[in-house]
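Everything on this sheet refers to the single structure shown next.
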Amino acid sequence: MTEQKQMNSIPAMSGEGLKRLVLIVEDEFVNRELLNAYLEQDYEILCAETGVEAMRLIYEKSETLSLVLLDLNLPGMNGLDILREIKKDIDLSRIPVIVLTSDAESEVESLSSGASDFIPKPYPRYEIIQARVRRSIELSENRDLIRWTERDHLTGLYNREYFYRYAEQYDVFHRDEATDALVVDVSHFRLINERFGKAYADEILKRIGSELLAIVKETGGIVCRREADTFQVYCPHMADYRSVAERVTDAACGDARGRVRIRIGVCSEVDKASDIERHFDHAKSAADTIRNSFTESVAIYNDELRDKEVYAERLLEDFRDALEQKQFLVYYQPKYHILSPQPRLCGAEALVRWKHPEFGLVSPGRFIPLFESNGLIRDLDNYVWRETAAQIRRWKDHPGRAVPVSVNVSRVDMLDPELTDTLRLIVEENGLDFGDLHLETTESAYTENFEQIIQTVARLRALGFKIEMDDFGSGYSSLNMITKLPFDVLKLDMEFIRTAFSENGNTGILKIMLDIADYLSVPMIAEGVETESQMLTLKELGCDIAQGYYFARPMPADAFGSLLAGSAD
Ligand code: C2E
Ligand code: MG
Ligand code: MG
């Protein structure tokens with residue numbers, strides 16, 4: 001807030017033809033008039049005869065005052081006290097002060113208390129006074145301008161670019177000190193923005209910024225806003241950052257506790273010989289590992305995470321070749337209708353695996369999020385859809401029977417303007433019906449570009465595709481929003497089954513989800529059904545379809561073909 005005020009005042013201060021405002025604090029009439037006469041041509045002048053009057057004017061004009069000329073010998077108040085008061089106030093400290101005194105001894109003391117210059121009494125030639133006044137104002141305006149460019153305008157903290165420069169300088173002076181790189185993130189900030197509006201969200205960011213600044217003032221170190229809702233701190237090593245996370249959370253929430261979750265990623269005791277930006281990237285990776293955690297607020301970058309990153313980089317490198325060499329295999333996991341007396345095979349989900357020449361069979365949990373983060377998922381999904389469609393065609397020919405197979409459509413695909421055409425062509429080229437290929441999309445896909453995705457889904461449904469809402473209940477949609485999502489099948493997130501059937505769980509929540517499905521007039525699929533008793537309970541509650549290890553794990557196409565052949569009505 002205070003930084004904001006300072007920065008906003010710069011353009012006005014340096015505006016063309018604008019007379020800067022100078023305050024003369026001097027109790028002796030003759031001296032005051034003399035200074036006035038020297039400066040009134042170029043400056044707008046205010047005068048104060050006492051310390052009290054001076055402070056009142058300084059506070060009143062804090063935003064527009066360009067300079068204070070301060071006599072050290074004032075009745076009732078020492079000029080040095082005024083100087084110190086100005087310099088300790090963050091709002092006033094930007095105002096340069098030139099000290100006026102006949103006591104040569106106080107020069108050093110004035111300068112070390114923050115005076116920008118010194119004019120001895122009796123006064124030197126008027127040109128000297130004018131030159132010193134001009135120079136002090138210029139220097140302070142230049143400093144303000146630098147502040148303007150190196151700062152983030154919302155929070156007043158350094159911006160990222162300058163932060164790295166200052167971090168390097170920091171290292172020069174703290175070469176042997178153990179230092180940590182921190183990334184401080186707000187979990188699901190986008191939702192705060194959406195639900196409470198930009199002004200409120202900005203206020204939260206400012207509060208976080210101020211609190212982080214207060215913390216580094218205590219501990220040492222520097223802080224910046226990295227981007228949007230992410231901050232960086234470079235500070236002396238601390239063993240535990242949970243109390244910091246707590247402090248920042250408290251400050252961010254104000255009186256609305258629970259609305260904001262802060263997470264901190266730490267790259268501890270950085271190696272000062274290596275690239276500074278990398279330390280913060282590591283800290284960011286650590287912070288990302290607890291993005292969805294309700295219990296953890298601090299994550300440390302460690303060897304395990306490092307190995308994971310190396311592994312991820314390797315997968316990225318190998319992706320193109322793997323696609324070309326058909327290393328990606330599509331497995332099929334059956335879905336069963338459970339309301340009939342005997343469970344009846346009624347569909348399948350296509351799930352990709354990577355048969356990596358070195359790592360063996362890699363599960364999609366390892367690479368899908370990775371490919372989603374950089375767009376490669378589009379090529380992979382395209383491949384999976386084509387493989388699946390071709391496979392359904394083969395099953396339709398032999399054993400002459402097929403069930404609808406759902407493919408996963410990631411959030412990135414949903415934003416592809418060609419998506420509808422791509423899928424239509426795949427169906428047509430394989431001579432399938434649109435009902436043969438179901439599309440699974442997750443609730444979280446809708447959180448961004450809501451309208452655009454709704455339209456895409458509407459076009460797909462108009463063609464005849466069935467939309468299955470995957471991992472339902474794991475997103476952050478409000479019930480109100482859910483009723484606006486267009487879909488044909490609700491696929492309950494596996495976590496509900498885990499929770500409902502855990503030791504102290506109860507199945508009440510399943511009943512609620514079934515009521516929602518009922519209200520929306522769509523069937524529900526329960527995923528992750530692992531035991532007979534789970535299946536029977538779901539059946540009793542009225543769940544239509546189940547998928548899970550109890551029936552079968554995802555299997556290669558051949559195996560599923562046999563299952564199909566064997567289950568022919
Ligand atoms: P999903 O779409 O929710 O798929 C269900 C996941 O649950 C699959 O994991 C499946 O193997 C697993 N599963 C099924 N039954 C059980 C059970 O009884 N117990 C347990 N513990 N797990 C069960 P998988 O194959 O590892 O896939 C993980 C996720 O990767 C999928 O979650 C999906 O989001 C994504 N995925 C898989 N294939 C593709 C694909 O081709 N394209 C895209 N975009 N995503 C895919
Ligand atoms: Mg799925
Ligand atoms: Mg799922």
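Just so we're clear, the structure is a prediction, and the values are computed from it rather than from any experiment. As the structure lists them, so they are numbered: ligands from 1, and atoms in each ligand from 1.
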Got a salt bridge between [X] and [Y], using NZ or NE/NH1/NH2 to carboxylate O under 4.0 Å?
{"X": "K284", "Y": "D185", "result": "yes"}
{"X": "E468", "Y": "K335", "result": "yes"}
{"X": "R393", "Y": "D397", "result": "yes"}
{"X": "R424", "Y": "E428", "result": "yes"}
{"X": "D281", "Y": "R226", "result": "yes"}
{"X": "K466", "Y": "D488", "result": "no"}

**Q.** Which segment of V407 sits under 4.0 Å of ligand 1 when only heavy atoms are counted
**A.**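 V407 to ligand 1: no contact under 4.0 Å from either part.
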
Q | For ligand 1, the portion of V352 having any non-hydrogen atom under 4.0 Å away | A |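 Both of them.
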
Q) At a 4.0 Å cut-off, with the gap strictly under it, does some heavy atom of K491 reach an atom of ligand 1? A)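 Contact absent.
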
Q) Does some non-hydrogen atom of E372 fall short of 4.0 Å from ligand 1? A)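 Heavy atoms of E372 never come under 4.0 Å of ligand 1.
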
Q.
If we count only non-hydrogen protein atoms and require a distance under 4.0 Å, does atom 32 (O) of ligand 1 qualify as touching the protein?
A.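 Given the 4.0 Å limit, the answer for atom 32 (O) of ligand 1 is no, no protein heavy atom qualifies.
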
Q: Determine, considering heavy atoms only, which of E530, E349, R553 sits nearest to atom 19 (N) of ligand 1.
A: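 Nearest heavy atom to atom 19 (N) of ligand 1 lies in E530.
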
Q. Counting heavy atoms only, which of A546, A526, P369, P364 is nearest atom 26 (O) of ligand 1?
A.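 Looking at heavy atoms only, P364 sits closest to atom 26 (O) of ligand 1.
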
Q: Flag D493 as yes if one of its N/O/S atoms falls below 2.8 Å of the Mg ion (ligand 3), otherwise no.
A: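 It does not; every qualifying atom lies at 2.8 Å or beyond.
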
Q. So, is N408 placed with an N/O/S atom under 2.8 Å from the Mg ion (ligand 2), counting both backbone and side chain?
A.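 Yes, within the cut-off.
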
Q) What atoms of ligand 1 come within less than 4.0 Å of a heavy atom belonging to E527? A)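 Near E527, the atoms of ligand 1 are 1 (P), 3 (O), 4 (O), 5 (C).
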
Q: Provide the number and element of each atom of ligand 1 under 4.0 Å from a heavy atom of S410.
A: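 Answer, ordered by atom number: 44 (N).
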
From the N, O or S atoms in [X], identify the one nearest to the Mg ion (ligand 2).
{"X": "E349", "result": "OE2"}
{"X": "D470", "result": "OD2"}
{"X": "E440", "result": "OE1"}

Q) Within the structure, does R353 bring an N/O atom to less than 3.5 angstrom of an N/O atom in ligand 1? A)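 For ligand 1, there is an N or O atom that lies under 3.5 Å from one belonging to R353.
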
Q: Return a yes/no value for Q547: is any of its N or O atoms, backbone included, closer than 3.5 angstrom to an N or O of ligand 1?
A: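 No: no nitrogen or oxygen of Q547 is under 3.5 Å from one in ligand 1.
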
Q) Below 6.0 angstrom between ring centroids: does that apply to F560 and W395? A)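 For F560 and W395, the ring centres are under 6.0 Å apart.
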
Q. Is the F163-F231 ring centre distance short of 6.0 angstrom?
A.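 No - the distance between ring centres of F163 and F231 does not fall below the 6.0 Å cut-off.
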
Q. If you measure only the distance, is there a donor-acceptor pair under 3.5 Å linking the side chains of E309 and Y301?
A.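 There is such a pair (donor and acceptor under 3.5 Å, judged by atom type) between the side chains of E309 and Y301.
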
